[in-house]
Amino acid sequence: MGKVKVKKSDVWIDMTPMSDVMTLLLTFFMLTSTFVKNEPVKVNVPGSVSEIKVPENGVLTILVNPEKDAAGNPTGEGQVFMSIDNTDNLGETLQTMMPDANALELDVFTREGTFGVPLDEMKSYLNMSTDQRQKVLPTKGIPLDSIDGGMSEFQQWVDAARNVNDKIKIALKSDASTPYKTVKKVMSELQDMDESHYYMITNLKVAEED
């Protein structure tokens, strides 16, 4: 008996619905994602077993990093930088601290996100080129010393951010090798402002069993 030949036919699958779904998903993730801006310094945070999550928006992040000299050696001091994830809040905070800021300076400030130079150097810093700012910022830091016995520049920035957004959350992100005295100074200045509740940003590690 001869073999029965099965007639072969081309299989055609309409991929249009799949393409529509992929386009919708891509659009959704693009609109809901939060883009991470570059930080002026690389902060290697310590490990912790705490699983408390930092809010995804409406956060003032304080970066504390060990200071280094021109040769790259630790000086024994620390530097303080700040960032605000909300661009509108960031711009309004600068306008509070520097009322004479022009549109160009405001645009540069909000695009960078992270700031940390003394206020009297802010205008000249914002008028530098991008390459110059990237070189200068890691060598600076927000002063922690009080001004004429009053608030320090650090406290003034925090206060300005709170006035712009009274629901803003504060998060402290400190490098594991930052001198403790600098971290303690930051905490003390926050406490002097009645800011005793803030988030500590750490890397999650598994708790050791007894």
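Values below: all heavy atoms of this structure, side chains included; hydrogens, waters and symmetry mates excluded.
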same_hphob_cluster(Met82, Val64) at 4.5 Å side-chain heavy-atom cutoff: yes
So does Ser152 get a backbone contact from the side chain of Gln155, meaning a donor-acceptor N/O pair under 3.5 Å? yes
Hydrophobic cluster membership, Val80 vs Leu119, 4.5 Å side-chain cutoff: yes
Nearest atoms (heavy-atom pairs only) where Ala171 meets Val59: CB-CG1, 3.8 Å
Between Gly113 and Leu90, what is the shortest heavy-atom contact and its length? CA-CD2, 3.6 Å
Sorted by chain and number, sequence neighbours left out, side chain to side chain contact (heavy atoms under 4.5 Å, CB included) with Asp131 holds for Ser129, Gln134
CG/Asp192 to CE/Met151 distance, rounded to the nearest 0.5 angstrom? 9.5 Å
Result block: side-chain N/O donor-acceptor pairs under 3.5 angstrom for residues 180-187, not counting sequence neighbours:
from	atom 1	to	atom 2	distance (Å)
Lys181	NZ	Glu77	OE2	3.0
Thr182	OG1	Gly78	N	3.1

Partner set under salt bridge (Lys or Arg N to Asp or Glu O under 4.0 Å) for Asp107, not counting sequence neighbours: Arg111
Under the side chain to side chain contact (heavy atoms under 4.5 Å, CB included) rule, collect the residues that match up with Pro143, sequence neighbours excluded. Pro118, Glu153
Does the Asn86 side chain pair with the main chain of Gly58, one donor and one acceptor, at a distance under 3.5 Å? no
Hey, could you give me the CE/CG distance between Met98 and Leu106, rounded to the nearest 0.5 Å? 8.5 Å
Between NE2 on residue His197 and CG on residue Leu190, distance to nearest 0.5 Å: 12.5 Å
Out of curiosity, Thr130 OG1 to Lys135 NZ, how far, rounded to the nearest 0.5 Å? 12.0 Å
Side chain proximity check, Asn163 to Thr96, heavy atoms < 4.5 angstrom: no
Distance from Met122 atom CE to Phe109 atom CZ, nearest 0.5 Å? 5.0 Å
So CD of Glu112 and OH of Tyr125: to nearest 0.5 Å the spacing works out to 4.0 Å
By side chain to side chain contact (heavy atoms under 4.5 Å, CB included), Ile168 pairs with (sequence neighbours left out) Leu60, Ile84, Ala161, Arg162, Asn165
Among all residues two or more places apart in sequence or in another chain, which pass the salt bridge (Lys or Arg N to Asp or Glu O under 4.0 Å) test with Glu105? Lys123
Please say yes or no: joined through hydrophobic side-chain contacts below 4.5 Å, possibly via intermediate residues, are Val164 and Ile142 part of one cluster? no
So does Met128 have more than 12 non-hydrogen atoms from other groups sitting under 6.0 Å from CE? yes
Of all heavy-atom pairs between Asp175 and Pro66, which one has the smallest distance, and what is that distance? CB-CD, 3.6 Å
